[in-house]
Each structure stands twice: as structure tokens, then as C-alpha cells.
Amino acid sequence: MNRTLEQLQTDIILAAKKGFPVLLSGAIVFLLFTFSPLVFSMKIVYLIWILGLSVIFPFGILLSKMMNVNILVTNNQMGTLAGIAAAPQAFYIPIFIIVRIIELLEKDKTD
């Protein structure tokens, strides 16, 4: 079945409700990030920020289940393309963590 790009885009927008659960998840996580320096020291806050970024997508999926939104559209080629484009981003989080740990270890050596 041949469908135009506009039809595929409209279908995925309607099925995923424009990704609202993931946007809401990001807003909640960043709101928590905003107040974390009031509770923790900045060394801990930096790690919370790095590790906390990996929580946004799973939390968005949880919110989508609670809101009955199909955020993981599988019957649309646009959804598959978006998944392929987004997958490499998952490899950046471990790199950020390793760089931050090395940075902290080197800073402790100089202190």
C-alpha cells in the first residue's frame, strides 16, 4: 500500500499525540533537576543530571501507558525511521558518565 509522506506524518502525529508524554516526562525530570542543588552537593548534582537524562524516555513510555497514548508506533515507516535516527543517542550517555568520572578523579588528585 503506497501512502504519501503527509499521510504517514499525520498518522504518526495522531497515534502518538505529538509525543506529549515524552515532553511531559522531560519537563518533570528537568523540574526535579532544577531543585536538586538545594538538596545535594554539586558533585552529586552533576551525576544526577547525567544519569537522570537516561530516565526521560522510559518515564515517557510509562506516562504514555497511563495516558493510553501509543508512543511506540510500529505500523508506520516514519516511526521506524525515527527509531533508527534516535538509537545512536543512547551511546552518548555512557561517554558523558565516563568523562565526568575521569574529571572528578583528576580533580581529587590535585586537591
Side-chain angles (χ1 to χ4, degrees):
M1 171 161 106
N2 291 335
R3 296 168 56 190
T4 65
L5 179 61
E6 289 81 19
Q7 290 171 329
L8 291 170
Q9 287 174 332
T10 303
D11 290 347
I12 202 165
I13 287 170
L14 293 175
K17 304 284 191 247
K18 295 185 181 180
F20 179 71
V22 176
L23 294 174
L24 182 62
S25 169
I28 291 169
V29 168
F30 278 99
L31 181 68
L32 294 173
F33 285 175
T34 302
F35 295 109
S36 63
L38 301 174
V39 181
F40 303 106
S41 71
M42 284 310 288
K43 276 187 175 182
I44 302 296
V45 170
Y46 294 141
L47 292 175
I48 290 172
W49 288 345
I50 291 171
L51 296 173
L53 292 175
S54 64
V55 174
I56 294 173
F57 185 69
F59 187 50
I61 291 176
L62 176 69
L63 287 176
S64 73
K65 297 289 183 195
M66 292 169 41
M67 299 168 77
N68 290 328
V69 174
N70 182 14
I71 200 77
L72 300 173
V73 179
T74 57
N75 59 351
N76 189 317
Q77 292 86 4
M78 292 287 291
T80 305
L81 179 62
I84 292 170
Q89 301 302 317
F91 296 108
Y92 290 117
I93 293 171
I95 292 171
F96 287 138
I97 293 170
I98 291 169
V99 167
R100 183 64 188 155
I101 289 172
I102 291 171
E103 214 175 69
L104 288 173
L105 290 174
E106 289 182 4
K107 186 177 180 182
D108 284 343
K109 285 180 186 178
T110 60
D111 290 342

**Report entry** From Leu63 atom CG to Leu23 atom CG, the distance as rounded to the nearest 0.5 Å
**Finding:** 11.0 Å
Report summary line: Taken in chain and number order and not counting sequence neighbours, the residues that satisfy ring-ring contact (aromatic ring centres under 6.0 Å, His included) with Phe40 are none
Query raised in the report: Roughly how far, to the nearest 0.5 Å, is the OG atom of Ser36 from the CG atom of Leu47?
Result: 11.0 Å
Query raised in the report: Do Ile102 and Met42 share a hydrophobic cluster (ILVMFWY, side-chain heavy atoms under 4.5 Å, transitive)?
Result: no
**Report entry** Co-membership, hydrophobic cluster, residues Leu53 and Leu104, 4.5 Å side-chain
**Finding:** no
Query raised in the report: side-chain contact (heavy atoms from CB on, under 4.5 Å) with Phe59: which of Ile28, Leu24, Val22?
Result: Ile28
Report task. Give a yes or no on whether Ile44 and Val29 share a hydrophobic cluster (residues Ile, Leu, Val, Met, Phe, Trp, Tyr; joining criterion: side-chain heavy atoms under 4.5 Å apart). Result -> yes
**Report entry** Atom CG of Leu32: over 12 foreign heavy atoms under 6.0 Å
**Finding:** yes
Query - Minimum heavy-atom distance between Gly60 and Ser25, given as atom pair plus value - result: N-OG, 3.3 Å
Report task. Group every Ile, Leu, Val, Met, Phe, Trp and Tyr by side-chain heavy-atom contacts under 4.5 Å, then state whether Ile101 and Ile95 land in the same group. Result -> no
Report task. Please identify each residue that fulfils ring-ring contact (aromatic ring centres under 6.0 Å, His included) with Tyr46, with sequence neighbours left out. Result -> Trp49
Query - Nearest heavy atoms of Phe30 and Ile56, plus distance in Å - result: CE1-CD1, 3.7 Å
